[in-house]
Amino acid sequence: MILHQIEALKAVGVTEVVLAINYQPEVMLNFLKEFETKLGITITCSQETEPLGTAGPLALARDKLVDESGEPFFVLNSDVISEYPFKEMIEFHKAHGGEASIMVTKVDEPSKYGVVVMEESTGQVDKFVEKPKLFVGNKINAGIYLLNPSVLDRIELRPTSIEKEVFPKIAAEKNLYAMVLPGFWMDIGQPRDYITGLRLYLDSLRKKASPKLARGPNIVGNVLVHETAKIGEGCLIGPDVAIGPGCVVESGVRLSRCTVMRGVRIKKHACISSSIIGWHSTIGQWARVENMTILGEDVHVCDEIYSNGGVVLPHKEIKSSILKPEIVM
């Protein structure tokens with residue numbers, strides 16, 4: 001997820017990315033090290049010893065964010081996906097001359113979110129209304145910001161929220177502007193939303209007629225298959241499936257609305273839908289895995305097992321069926 005963001009930032013000329021991480025930063029940095037040289041971008045980490053909310057980490061990383069140029073910097077929530085129109089956002093930010101720009105996205109049910117009330121023609125933000133009972137608008141914060149360095153003077157080094165404490169003050173001074181995000185948007189911090197996000201992402205690839213999408217008689221709808229994955233005879237794959245590197249899908253397998261991560265083996269005639277299969281797991285013959293089943297790394301589902309929404313922690317062997325959604329520790 002983060003790599004998609006970093007690639008899009010690189011494309012608009014960003015040279016340094018700072019990750020604000022509280023938990024196990026070495027895991028993320030080890031993964032990203034190989035992409036530093038590949039993309040030609042510096043990736044560093046600002047580690048919090050205590051969670052600092054959404055604004056505190058900016059104060060912590062202040063020295064990395066401020067330089068002589070006085071140029072604005074991007075701030076991204078790492079669990080949102082979109083087409084990342086950063087070029088348009090830079091142009092929007094320069095044009096309005098305010099202190100901060102935020103991306104907003106239109107939603108069908110604004111009452112579940114914090115709504116951004118804005119002047120339609122200029123994008124100037126008037127105020128924020130948290131989970132409104134009455135309709136005040138349908139645009140919500142999309143978690144993508146472009147901020148002038150002066151915003152850092154408004155943030156103390158303590159656990160603090162940029163959405164609730166910093167932005168409302170900038171808006172009150174008429175210095176906050178919102179740009180409506182074109183294309184798709186999804187917060188994919190939850191497994192169900194991740195599967196929805198996958199569908200939206202694949203859909204956007206289809207609209208761009210991307211050569212990445214798989215083709216063939218056994219493919220239905222939008223599917224991504226890594227070039228190193230092997231797929232057997234008589235499978236039916238799709239819609240909305242992503243198959244990672246080194247996967248082996250044996251003959252007669254049915255996959256739909258699912259993500260199959262690196263090194264997974266799916267044995268003959270298994271059926272998987274609306275699920276996430278973690279790295280290096282195995283699904284047995286004639287097994288049926290569905291209804292938001294999530295398998296951690298190296299989980300082995302035996303032959304003919306049924307999983308209805310099981311959430312299975314890493315390194316487990318599943319020998320009996322999971323008949324209702326539950327966590328398997």
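Computed from a prediction, not measured in an experiment: that's the story for all the values here.
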Quick one: does [X]'s side chain have a donor or acceptor within less than 3.5 Å of a partner on [Y]'s backbone?
X: Asn141; Y: Gly143; value: yes
X: Gln5; Y: Val80; value: yes
X: Glu233; Y: Gly252; value: no
X: Glu71; Y: Val66; value: no
X: Lys316; Y: Val328; value: no
X: Ser82; Y: Trp185; value: no

Is there a side-chain contact between [X] and [Y] (heavy atoms, below 4.5 Å)?
X: Ile327; Y: Met329; answer: yes
X: Ile266; Y: Val248; answer: no
X: Gln285; Y: His269; answer: no
X: Pro57; Y: Leu52; answer: yes
X: Asp187; Y: Tyr194; answer: no
X: Val264; Y: Trp279; answer: no
X: Gln124; Y: Leu176; answer: no
X: Asp126; Y: Met118; answer: no

State, to 0.1 Å, how close [X] and [Y] come at their nearest heavy-atom pair, and which atoms those are.
X: Ile283; Y: Ala270; result: CG2-CB, 3.9 Å
X: Leu236; Y: Arg254; result: O-NH1, 3.2 Å
X: Pro132; Y: Pro110; result: CD-O, 3.8 Å
X: Tyr84; Y: Ile144; result: CD2-CD1, 4.2 Å
X: Ser274; Y: Cys258; result: N-CB, 4.5 Å
X: Pro325; Y: Asn291; result: CG-ND2, 4.0 Å

Sequence neighbours excluded - salt bridge (Lys or Arg N to Asp or Glu O under 4.0 Å) pairs with any residue from residues 163-173
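Residue pairs passing salt bridge (Lys or Arg N to Asp or Glu O under 4.0 Å), neighbours aside: Arg154-Glu173, Arg158-Glu165.
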Once you round to the nearest 0.5 Å, how far does CG of Leu19 lie from CD1 of Ile6?
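These two atoms lie 6.0 Å from each other.
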Could you measure the distance from the CG atom of Leu323 to the CG atom of Asn308? Nearest 0.5 Å is fine.
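One gets 7.5 Å once the value is rounded to the nearest 0.5 Å.
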Counting only heavy atoms not in [X] (residues, nucleotides, ligands), do more than 12 fall under 6.0 Å from its [atom1]?
X: Glu326; atom1: CD; value: yes
X: Phe135; atom1: CZ; value: yes
X: Glu130; atom1: CD; value: yes

Is it true that [X] and [Y] have a side-chain N and a carboxylate O under 4.0 angstrom from each other?
X: Glu250; Y: Arg265; value: yes
X: Lys268; Y: Asp303; value: no
X: Lys139; Y: Glu120; value: yes
X: Lys10; Y: Glu7; value: no
X: Lys207; Y: Asp203; value: yes

In this structure, which one of Val12, Leu146, Val14 forms a side chain to side chain contact (heavy atoms under 4.5 Å, CB included) with Phe86?
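With Phe86 as partner, side chain to side chain contact (heavy atoms under 4.5 Å, CB included) holds for just one option, Val12.
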Against Leu198, only a single residue in Ile276, Thr259, Ile81 fulfils side chain to side chain contact (heavy atoms under 4.5 Å, CB included); can you say which?
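One option only clears the test, and that one is Thr259.
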Would Val253 and Ile272 satisfy side chain to side chain contact (heavy atoms under 4.5 Å, CB included), going step by step from the backbone distance to the final call?
CA-CA 8 Å; Val253 165; Ile272 301 172; 5.8 Å; no
With sequence neighbours excluded, residues passing salt bridge (charged side-chain N to carboxylate O under 4.0 Å, His left out) with Arg257
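Arg257 satisfies salt bridge (charged side-chain N to carboxylate O under 4.0 Å, His left out) with no residue once adjacent residues are dropped.
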Are side-chain N/O atoms of [X] and [Y] paired as donor and acceptor at under 3.5 Å?
X: Asn222; Y: Asp240; result: no
X: Ser46; Y: Glu48; result: no
X: Glu290; Y: Tyr306; result: yes
X: His315; Y: Asp298; result: yes
X: His96; Y: Ser101; result: yes

Residues Thr49, Gln47; criterion side chain to side chain donor-acceptor pair (under 3.5 Å); working and verdict
CA-CA 6 Å; Thr49 48; Gln47 191 185 1; over 6 Å; no
Please assess Asp79 against Met186 for the test side chain to side chain contact (heavy atoms under 4.5 Å, CB included), listing each intermediate value before the final yes or no.
CA-CA 8 Å; Asp79 55 4; Met186 193 75 201; over 6 Å; no
Pair Tyr145 + Phe73: ring centers closer than 6.0 Å
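No, they do not, as the ring centres are separated by 6.0 Å or more.
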Please work out whether the ring planes of Tyr177 and Phe92 are parallel, tilted or perpendicular, with thresholds of 30° and 60°.
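Aromatic pair Tyr177/Phe92 classed perpendicular.
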Could you tell me how the ring of Tyr201 sits relative to the ring of His4: parallel (under 30°), tilted (30 to 60°) or perpendicular (over 60°)?
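Perpendicular.
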Not counting sequence neighbours, which residues clear side chain to side chain donor-acceptor pair (under 3.5 Å) with Ser69? List them please.
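Result, side chain to side chain donor-acceptor pair (under 3.5 Å) vs Ser69: Asp67.
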